[in-house]
Amino acid sequence: MKIEYAKNIFPKIMELLNRATDEITIATGGFSEDFIEAIINRAASGVQTTIITSDKNWARWLENQKISYKKDEENKIRKSYLRLRDKIIIYSRLRYIILIISISIVIVLLIRNTIHSLVTLISFIIIIIINIIQFIYIRNMIKAEESKLNMLNIEVQKTLDELTSTRNILAKKLNIIESNALSFSIVIIDNKSLLLSCNLNSKNSSDIIMYEEIQKNSAIKLISYITNLGKP
């Protein structure tokens, strides 16, 4: 058994997590966000991951990632798509609104300027020119925005496919077990196994802890004992 500052041990565990290729099994009473991020990333990459923890908040958050992994990113790209689509709809309606306004002006001019036919004619010509210009301008704007929308639609579909695939991987590879209160940690990463006298929380990084590298079989037995404690 060795004695060390947690801040000197945690980076080593983080390095092992980031390099994990086959298996991650952790039993602990709590996590900090950096450990959670590393765990979810490795599970998403296909590493078989089992988490036994008494931290119910993180346990439920991890479990929820099977259906909501990067949901914020998904919502963000969906909103971008909808905003651009709505913009195109507004542009499409705008040209007809301008046309209706122009027709209304023409009607008013016809009523008020029946005597001054030259003024009416000039007004007609100006209104026609304005409408031609605005139709061409708005049509070009709509084409440009539609091109962006098509590209964004491809990006949205690609992102959704990737997220769906990752969530399916998490559903298969990530196993969460809520346990009774734990004040220590057992970490198995590939063929490396550690026993620590603290939780995996970086808030404890200034603490002096005891730790020991143990045989994987011993670590598995300890974890099995922990998971069976809560069973009737």
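We're numbering straight along the sequence, starting at 1. Model, not experiment: these values are computed from the prediction. Only this structure's heavy atoms are used, side chains among them; waters, hydrogens and symmetry mates stay out.
Ion pairing between a basic and an acidic side chain is recognised when a charged N comes within 4.0 Å of a carboxylate O; Glu155 and Lys148 show no such pairing. Under a 4.0 Å N-O distance rule, the pair Glu74/Arg167 qualifies as a salt bridge. The pair Glu213-Lys192 meets the salt-bridge criterion, since a charged nitrogen lies less than 4.0 angstrom from a carboxylate oxygen.
A distance of 9.5 Å separates CD of Glu178 from CD1 of Ile176, quoted to the nearest 0.5 Å. Rounded to the nearest 0.5 angstrom, Leu84 CG and Met151 CE are separated by 11.0 Å. Distance check, rounded to the nearest 0.5 Å: CG of Leu149 to OG of Ser80 gives 11.0 Å. To the nearest 0.5 angstrom, Glu4 atom CD is 5.5 Å from Tyr211 atom OH. To the nearest 0.5 angstrom, Phe135 atom CZ is 6.0 Å from Arg95 atom CZ. Rounding to the nearest 0.5 Å places NZ of Lys12 at 10.0 Å from CG of Leu16.
Between the side chain of Ser165 and the backbone N or O of Asp161 there is no donor-acceptor pair closer than 3.5 Å. Using modelled atom types, no side-chain atom of Ser32 and backbone atom of Asn201 make a donor-acceptor pair closer than 3.5 Å. Of the possible donor and acceptor atoms, none in the side chain of Asn64 sits under 3.5 Å from a partner among the backbone N and O of Arg60. Listed for the Ser224 side chain is no donor-acceptor partner under 3.5 Å among the backbone atoms of Lys221. Between the side chain of Thr227 and the main chain of Ile223, a donor-acceptor pair closer than 3.5 Å is present. Side-chain atoms of Asp190 come within 3.5 Å of backbone atoms of Asp22 as a donor-acceptor pair (strictly under, hydrogens ignored). Judged by distance alone, with hydrogens and angles left aside, the side-chain atoms of Gln48 form a donor-acceptor pair with the main-chain N or O of Lys173 at under 3.5 Å. Listed for the Asn199 side chain is no donor-acceptor partner under 3.5 Å among the backbone atoms of Thr28.
Under the 4.5 Å side-chain heavy-atom criterion for ILVMFWY residues, no single connected hydrophobic cluster contains both Trp61 and Ile169. Following chains of ILVMFWY side-chain contacts shorter than 4.5 Å, one cannot reach Ile101 starting from Leu94, and the two form parts of different hydrophobic clusters. Cluster membership for Ile136 and Ile88, using ILVMFWY side-chain heavy atoms within less than 4.5 angstrom, is not shared. The hydrophobic cluster containing Tyr91 also contains Leu82, counting ILVMFWY residues as joined when their side-chain heavy atoms lie under 4.5 angstrom apart, directly or transitively. Ile142 and Tyr96 are assigned to two separate hydrophobic clusters, defined by single-linkage of ILVMFWY side chains at heavy-atom distances under 4.5 Å.
Counting heavy atoms from C-beta on, the side chains of Ile130 and Ile126 come closer than 4.5 Å. Within the 4.5 Å cutoff, side-chain heavy atoms of Leu17 are placed close to those of Ile189. Between Ile51 and Asn175, the closest side-chain pair of non-hydrogen atoms is not below 4.5 Å. Under the 4.5 Å side-chain criterion, counting only non-hydrogen atoms from C-beta, Tyr137 is not in contact with Asn140. Side-chain contact check for Met210 versus Lys2: every heavy-atom pair is 4.5 Å or farther apart. Residues Tyr69 and Leu163 meet the side-chain proximity criterion, which asks for heavy atoms closer than 4.5 Å. Counting heavy atoms from C-beta outward, Ile186 and Phe184 have side chains that approach closer than 4.5 Å. Counting heavy atoms from C-beta on, the side chains of Ile13 and Leu194 come closer than 4.5 Å.
Under a cut-off of 6.0 angstrom, the local environment of NZ in Lys76 is sparse, with at most 12 non-hydrogen atoms contributed by other residues, nucleotides or ligands. For Arg93, the CZ atom counts as loosely surrounded, since its 6.0 Å shell holds 12 or fewer non-hydrogen atoms of other residues, nucleotides or ligands. At most 12 heavy atoms of other shown residues, nucleotides or ligands fall within 6.0 angstrom of atom CG in Asn191. Around atom CD of Glu37, no more than 12 heavy atoms belonging to other residues, nucleotides or ligands sit under 6.0 Å away.
The shortest heavy-atom contact between Ile188 and Ser193 is CG1-OG, 3.8 Å. Residues Ile52 and Thr50 approach most closely at CD1-CG2, 3.9 Å, considering heavy atoms. Looking at every heavy atom in both residues, Ala6 comes nearest to Pro11 through O-CD, 4.4 Å. Contact between Leu170 and Ala44 at its shortest, heavy atoms only, is CD2-N, 3.6 Å. The shortest non-hydrogen separation linking Leu174 to Leu62 is CD2-O, 3.6 Å. In plain terms, the two heavy atoms of Gly30 and Thr53 that are nearest each other are N-OG1, 4.1 Å.
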Query raised in the report: Asn153 and Gln157: side chain to side chain donor-acceptor pair (under 3.5 Å), yes or no, with the steps?
Result: CA-CA 6 Å; Asn153 185 43; Gln157 195 55 54; over 6 Å; no
Requested in this report: Report the C-alpha distance between Ser179 and Leu182 in whole Å, list the side-chain angles of each, state the deciding distance to 0.1 Å, and finish with yes or no for side chain to side chain contact (heavy atoms under 4.5 Å, CB included).
Outcome: CA-CA 8 Å; Ser179 70; Leu182 297 173; 3.5 Å; yes
Requested in this report: Apply side chain to side chain contact (heavy atoms under 4.5 Å, CB included) to the pair Ser185 and Phe35, showing each step before the final yes or no.
Outcome: CA-CA 13 Å; Ser185 300; Phe35 280 109; over 6 Å; no
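Results of the side-chain contact (heavy atoms from CB on, under 4.5 Å) test with Ile39 over Asp34, Thr49, Leu200, Val47 single out Thr49 as the only residue that passes.
For the residue pair Glu23 and Thr25, a side-chain donor N or O sits within less than 3.5 Å of a side-chain acceptor on the partner.
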